[in-house]
Amino acid sequence: MYARGKIVVYTGLLPVTQDDAGLATVMGHEIAHAIAGHSAERMSQQMVSQGIGVAGNVALSKNSKTQSVFNTLYGVGTPLVMLNYSRNQELEADRLGLIFMAMAGYNPQSATTFWQRMATASQGSQKPPEFLSTHPSDATRIAQIQRSIPEAQKYYKSTTGKPIK
C-alpha cells in the first residue's frame with residue numbers, strides 16, 4: 001500500500017542541499033518514510049506500548065509496591081525503546097532513499113556528501129546523546145549510508161544507460 005499525501009521539505013534545508021542531487025537525497029529519504037509506512041508503524045508501536053502499560057498495571061494491581069516499580073521501569077524504558085525504533089526508521093529511510101534516488105538517476109554516492117554537509121551545518125548545536133535522540137548520530141548515519149551505497153548502485157544508471165560498476 002502506498003501512502004498518499006504531501007511530502008514537505010523545509011526551505012531552510014535548501015542551502016544545505018546545494019544541488020539537485022542533495023535535494024534528491026532529502027526527497028528520497030522522505031518518500032521512503034511514506035512508502036515504508038513509518039507513521040503507521042509509530043502509531044501501532046504507541047498502541048502496543050500503552051497496552052503493555054495497562055496490562056502490567058492490571059496484573060500488578062494487588063501489589064502496590066510491585067506496581068510502582070513496574071510503572072517506574074515502564075516510564076523510563078518505554079521512551080528509550082521507542083527512540084530506538086525511531087532511529088531504526090531513520091536509517092531505513094536513508095537506505096531506501098538511496099535506492100529511490102538511484103532509480104531516479106541520481107548517483108547515490110552524492111548522499112554521503114549531503115549528510116556530511118548536514119553534520120557540518122549542525123555543528124555547535126546542542127544534540128542529545130544518540131540513545132536519547134529520535135535520529136541517529138551524524139557518524140552513525142553516514143557510516144550506514146556508506147554501507148548501503150553498493151546496494152543502491154545496482155539501481156543507478158549513468159546517462160549512457162549502462163549500469164555503474
Side-chain angles (χ1 to χ4, degrees), residues 3 5-19 21-57 60 65-102 106-153:
K6 297 178 182 174
I7 293 188
V8 177
V9 176
Y10 172 60
T11 58
L13 195 56
L14 294 178
V16 181
T17 61
Q18 291 186 358
D19 55 26
L23 186 57
T25 302
V26 173
M27 292 301 296
H29 174 91
E30 296 305 330
I31 290 167
H33 277 306
I35 297 296
H38 288 161
S39 60
E41 279 182 12
R42 272 185 241 123
M43 286 176 41
S44 295
Q45 290 162 351
Q46 285 291 335
M47 290 173 60
V48 168
S49 171
Q50 289 173 352
I52 290 169
V54 169
N57 273 291
L60 301 171
K65 285 186 181 183
T66 304
Q67 189 179 38
S68 178
V69 169
F70 169 79
N71 284 328
T72 300
L73 294 173
Y74 175 82
V76 171
T78 300
L80 294 177
V81 170
M82 299 305 278
L83 288 171
N84 185 53
Y85 282 126
S86 179
R87 288 189 302 274
N88 288 338
Q89 287 176 337
E90 288 297 320
L91 293 173
E92 181 181 42
D94 288 343
R95 185 182 68 77
L96 293 173
L98 288 175
I99 292 169
F100 296 153
M101 70 183 288
Y106 293 95
N107 188 339
Q109 292 179 342
S110 62
T112 302
T113 308
F114 166 76
W115 287 109
Q116 289 167 339
R117 287 193 304 266
M118 280 290 289
T120 300
S122 66
Q123 279 180 341
S125 64
Q126 293 287 344
K127 292 183 181 179
E130 185 173 41
F131 76 98
L132 292 176
S133 177
T134 58
H135 287 68
S137 70
D138 295 327
T140 298
R141 172 169 258 157
I142 291 167
Q144 178 65 38
I145 286 169
Q146 289 171 336
R147 285 191 298 274
S148 298
I149 286 175
E151 177 187 13
Q153 282 295 124

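FYI, side chains are in, hydrogens and waters are out, and symmetry mates aren't considered; it's all heavy atoms of this structure.
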Legend entry - Residue pair Arg141, Asp94: steps toward the side chain to side chain contact (heavy atoms under 4.5 Å, CB included) verdict: CA-CA 8 Å; Arg141 172 169 258 157; Asp94 288 343; 2.6 Å; yes

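- Across all their heavy atoms, Pro136 and Arg87 have their closest contact at N-CG, 3.8 Å.
- Judged by distance alone, with hydrogens and angles left aside, the side-chain atoms of Thr25 form a donor-acceptor pair with the main-chain N or O of Ala21 at under 3.5 Å.
- Side-chain atoms of Ser122 come within 3.5 Å of backbone N or O of Ala119 as a donor-acceptor pair.
- Note: Phe131 CZ to Asn84 CG = 12.0 Å, rounded to the nearest 0.5 Å.
- In this structure a side-chain-to-backbone donor-acceptor pair under 3.5 Å is present from Arg117 to Val16.
- Counting only heavy atoms from C-beta outward, the side chains of Met43 and Gln46 never approach each other to under 4.5 Å.
- Leu91 places none of its side-chain heavy atoms less than 4.5 Å from the side chain of Ile145.
- No donor-acceptor pair closer than 3.5 Å links the side chain of Tyr106 to the backbone N or O of Ala111.
- Of all non-hydrogen atoms in Gly75 and Pro79, the two that sit nearest each other are O-CD, 3.2 Å.
- Listed for the Thr17 side chain is a donor-acceptor partner under 3.5 Å among the backbone atoms of Leu14.
- With contacts defined as side-chain heavy-atom distances shorter than 4.5 Å, the pair Gln18/Thr113 does not qualify.
- Here the shortest heavy-atom pairing between Asp19 and Gly22 reads OD1-N, 2.8 Å.
- Across all their heavy atoms, Met101 and Ala24 have their closest contact at CB-O, 3.9 Å.
- Inspection of the Ser137 and Thr140 side chains reveals an N or O donor paired with an N or O acceptor under 3.5 Å.
- Residues Glu90 and His33 have side chains that bring a donor and an acceptor to within less than 3.5 angstrom of each other.
- Nearest heavy atoms, Arg95 versus Ser148: CG-OG, 3.6 Å.
- Side-chain N/O atoms of Arg42 and Gln45 include no donor and acceptor closer than 3.5 Å.
- The heavy-atom pair separating Pro108 from Leu98 by the smallest distance is O-CD2, 3.6 Å.
- Applying the 6.0 Å contact sphere to CZ of Phe70 captures more than 12 heavy atoms from other residues, nucleotides or ligands.
- Between Thr112 and Ile149, some side-chain heavy-atom pair lies under the 4.5 Å cut-off.
- Two residues are said to be in side-chain contact when any heavy atoms from C-beta on lie closer than 4.5 Å; Tyr74 and Asn57 fail this criterion.
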